[in-house]
Amino acid sequence: MLSATAATTATARSLPTLPALPALIPGPLAAEEAGVAPATIRKWVQLGHLRAAGKAGRAQLFRLEDVFAAERAARRRPRTA
């Protein structure tokens with residue numbers, strides 16, 4: 001008979017590992033992480049520079065890596081008058 005630890009280890013080894021899903025965060029938190037105002041996140045969405053990856057009720061959810069990519073792209077874009 002296997003000990004509880006050995007049984008748990010054997011079971012854990014037989015389970016397939018799933019790839020980690022990207023964390024989805026709401027717009028205000030995304031803005032805080034990127035160091036911009038929440039209105040900037042909304043503007044990036046409006047201009048097509050950022051796309052919501054999901055919704056929770058009315059709140060748009062974003063992948064953090066997408067937010068950082070939009071922020072880097074915004075720094076490279078020249079401002080228009």
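Residues satisfying the side-chain hydrogen bond (donor to acceptor under 3.5 Å, both in side chains) test with Gln60, not counting sequence neighbours, are none. Among residues two or more places apart in sequence or in another chain, the salt bridge (charged side-chain N to carboxylate O under 4.0 Å, His left out) test is passed with Arg76 by none.
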Result block: side-chain N/O donor-acceptor pairs under 3.5 angstrom for residues 24-44, not counting sequence neighbours:
| residue | atom | partner | partner atom | Å |
| --- | --- | --- | --- | --- |
| Lys43 | NZ | Gln46 | OE1 | 3.2 |

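Applying the salt bridge (Lys or Arg N to Asp or Glu O under 4.0 Å) test to every pair with at least one member in residues 53-68, sequence neighbours left out, gives these pairs: Arg63-Asp66.
Residues Val45 and Val67 share a hydrophobic cluster, clusters being chains of Ile/Leu/Val/Met/Phe/Trp/Tyr side chains in contact below 4.5 Å.
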